[in-house]
Amino acid sequence: MTGSSAPTSTKTTTESASISITDLSLSFPIFHGGARSLKKMLLKRGKSLLASARGLQTGGSVTLGQGETGTVYVEALRDVSLSIKAGERVGLIGHNGAGKSTLLRVMAGIYMPEAPNVHIQGKVAPLLDLLSGMNPQLTGRENISLFGHQKGFNSAQITQLEKDVEAFAQLDDFLDLPVRLYSTGMTIRLGFGLATSITPQILLMDEWFMAGDFHFQERAEKRLASVVDSTDILVITSHALGVLEKWCTRLIWMEHGQIRMDGPVESVMDAYCKESEQNARKDHS
Ligand SMILES: Nc1ncnc2c1ncn2[C@@H]1O[C@H](COP(=O)(O)OP(=O)(O)OP(=O)(O)O)[C@@H](O)[C@H]1O
């Protein structure tokens, strides 16, 4: 992975939370066998397959590094600048491969945790990866205890945490089985229960974390609502516009790794829907 530069992650609980990103670009090198044919195509067409220039509706731009033996890169983010302050509820929208998840991972400090142009102020809870922070070999109960220890809880707090997550996840006897035996939905129940058992200053969430059966979704929404109420910043990515309308005050529309539009939910959603309708008409003509 290459980036335009360096995040400083300043995580304290006393100052109010904020996210500031300046001119951030991030490319992934591709070492898969398929990169060879891409490379040939790039050399023929001239180094860069800019997704936007080609009118593509998915993915970032594909570029070739220095020299004929150069590595092929997918540019996931390009010149992204944004700032989010306490109180904001931000939704990321855009086509598949627009860079939304990558941007969330940058905010979580997963990618480029030392970049000087990325400043994250506040305690972050990322609800991004199914197994994040969990050990699939351990039981659900052991994972709850592990989570508590990682957060520096004392034994009384860990007991309380266990009660809380057990009641929310409703995994019954499965709580005492290794997590690797769980279905996706069961893992989500545990992961979601854990991540929302603490109130972070910054909550980063991938839409699929609201997946699960109908009964779970209802309870998950209630629990999330109480966490979001006491969280300084929410950043969520979703293709479900209803979810974004419900939870967000601001939308950032990503397109081929760049910010296409940033503003109040209604105006960005309006522009996004208009363009999506135009694209759908083109597809049908
Ligand atoms: N680990 C990786 N290695 C190589 N390329 C990657 C990697 N992660 C993301 N990409 C590429 O970066 C671009 C942006 O991907 P990203 O997952 O951020 O998109 P997204 O907007 O979240 O998409 P979706 O709506 O489909 O979830 C895509 O072209 C993708 O192929």
Side-chain angles (χ1 to χ4, degrees), residues 1-4 7 19 21 24-39 41-42 47-65 70-82 84 90-113 115 118 120 124 126-132 184 188 203-211 234-245 247-248 250-262 268-269 271-273 275-276 279-280:
M1 185 176 66
T2 66
S4 59
I19 296 174
I21 296 176
L24 180 78
S25 298
L26 195 157
S27 296
F28 293 101
I30 307 296
F31 300 109
H32 182 264
R36 216 173 300 154
S37 54
L38 262 178
K39 198 183 285 186
M41 204 184 344
L42 287 164
K47 298 258 169 171
S48 175
L49 292 176
L50 286 179
S52 49
R54 295 163 69 216
L56 294 183
Q57 286 173 37
T58 56
S61 297
V62 182
T63 55
L64 184 59
T71 308
V72 174
Y73 290 89
V74 174
E75 190 179 46
L77 296 175
R78 177 153 29 122
D79 302 331
V80 169
S81 295
L82 58 87
I84 302 175
V90 181
L92 304 178
I93 53 169
H95 59 76
N96 287 132
K100 306 179 293 295
S101 304
T102 305
L103 186 54
L104 276 181
R105 279 172 173 71
V106 168
M107 292 175 183
I110 297 169
Y111 295 148
M112 311 178 74
V118 178
I120 311 295
V124 182
L127 276 172
L128 306 178
D129 299 304
L130 190 55
L131 280 168
S132 69
T184 304
I188 288 175
L203 182 63
L204 307 173
M205 208 173 118
D206 235 326
E207 155 199 40
W208 62 267
F209 245 98
M210 295 296 284
L234 169 73
V235 187
I236 178 169
T237 173
S238 179
H239 291 285
L241 301 186
V243 167
L244 298 175
E245 264 177 332
W247 293 100
C248 302
R250 168 182 169 190
L251 284 188
I252 297 178
W253 175 4
M254 302 286 300
E255 194 175 72
H256 304 297
Q258 292 183 294
I259 294 179
R260 165 87 183 260
M261 194 174 171
D262 180 351
V268 178
M269 184 97 65
Y272 180 71
C273 289
E275 180 150 313
S276 300
N279 285 338

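Read the numbers this way: they start at 1 and go in the same order the structure lists the ligands and their atoms. Since the structure is predicted, the reported quantities are computational estimates derived from the model, not experimental observations. All heavy atoms count here, side chains included; hydrogens, waters and symmetry mates do not.
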Participant: As a quick check of understanding, evaluate side chain to side chain contact (heavy atoms under 4.5 Å, CB included) for His95 and Glu275, giving each step before the final call.
Facilitator: CA-CA 11 Å; His95 59 76; Glu275 180 150 313; over 6 Å; no
Participant: Where does the angle between the aromatic ring planes of Tyr111 and Phe28 fall among parallel (under 30°), tilted (30 to 60°) and perpendicular (over 60°)?
Facilitator: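 Taking Phe28 first and then Tyr111, their aromatic rings stand perpendicular (interplane angle over 60°).
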Participant: Looking at every non-hydrogen atom in both residues, tell me the closest pair between Ile236 and Cys248 and how far apart they are.
Facilitator: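 So the minimum-distance heavy-atom pair works out to CG2-SG, 3.6 Å.
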Participant: Taking N or O atoms only and a 3.5 Å limit, does Gly99 qualify as a polar contact for ligand 1?
Facilitator: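 Checking ligand 1 against Gly99, an N or O pair does fall under 3.5 Å apart.
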Participant: Report the C-alpha separation of Leu103 and Val235 in whole Å, then their side-chain angles, then the decisive distance to 0.1 Å, and conclude whether the side chain to side chain contact (heavy atoms under 4.5 Å, CB included) test is met.
Facilitator: CA-CA 10 Å; Leu103 186 54; Val235 187; over 6 Å; no
Participant: Check each atom of ligand 1 against the heavy atoms of Ala98 and keep those under 4.0 Å away; list them by number with element.
Facilitator: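 Numbered from 1, ligand 1 contributes 19 (O), 20 (P), 21 (O).
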Participant: Heavy atom of His239 under 4.0 Å from ligand 1?
Facilitator: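 A heavy atom of His239 does come that close to ligand 1.
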Participant: Is there a side chain to side chain contact (heavy atoms under 4.5 Å, CB included) between Met254 and Leu77? Walk through the geometry before answering.
Facilitator: CA-CA 9 Å; Met254 302 286 300; Leu77 296 175; 3.8 Å; yes
Participant: I need the atoms of ligand 1 closer than 4.0 Å to a non-hydrogen atom of Asn96, numbered in the order shown.
Facilitator: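 Once the distances to Asn96 are compared, the set is 23 (O), 24 (P), 25 (O), 26 (O).
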Participant: Lys100 and Gly94: which non-hydrogen atoms are nearest, and at how many Å?
Facilitator: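 It is NZ-O, 3.0 Å.
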Participant: Relative to ligand 1, is Met254 under 4.0 angstrom through side chain, backbone, both or neither, heavy atoms considered?
Facilitator: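 For Met254, there is no contact with ligand 1 at all, from either part.
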Participant: Taking N or O atoms only and a 3.5 Å limit, does Tyr111 qualify as a polar contact for ligand 1?
Facilitator: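 N/O-N/O distance below 3.5 Å does not exist for this pair.
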Participant: Which is closest to atom 13 (C) of ligand 1 in terms of heavy atoms, Ser27, Gly97, Pro29, Gly94?
Facilitator: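 Going through Ser27, Gly97, Pro29, Gly94 one by one, Gly97 has the nearest heavy atom to atom 13 (C) of ligand 1.
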Participant: Could you check which of Leu26, Val74, Thr237 puts a non-hydrogen atom nearest to atom 11 (C) of ligand 1?
Facilitator: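 Heavy atom nearest to atom 11 (C) of ligand 1 belongs to Val74.
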Participant: Give the C-alpha distance, both sets of side-chain angles, the deciding distance and a yes or no for side chain to side chain contact (heavy atoms under 4.5 Å, CB included) between Val124 and Met107.
Facilitator: CA-CA 9 Å; Val124 182; Met107 292 175 183; over 6 Å; no
Participant: Report yes or no: does Arg105 have a heavy atom closer than 4.0 Å to ligand 1?
Facilitator: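 In this structure, Arg105 fails to qualify as a contact of ligand 1 - no heavy atom is under 4.0 Å.
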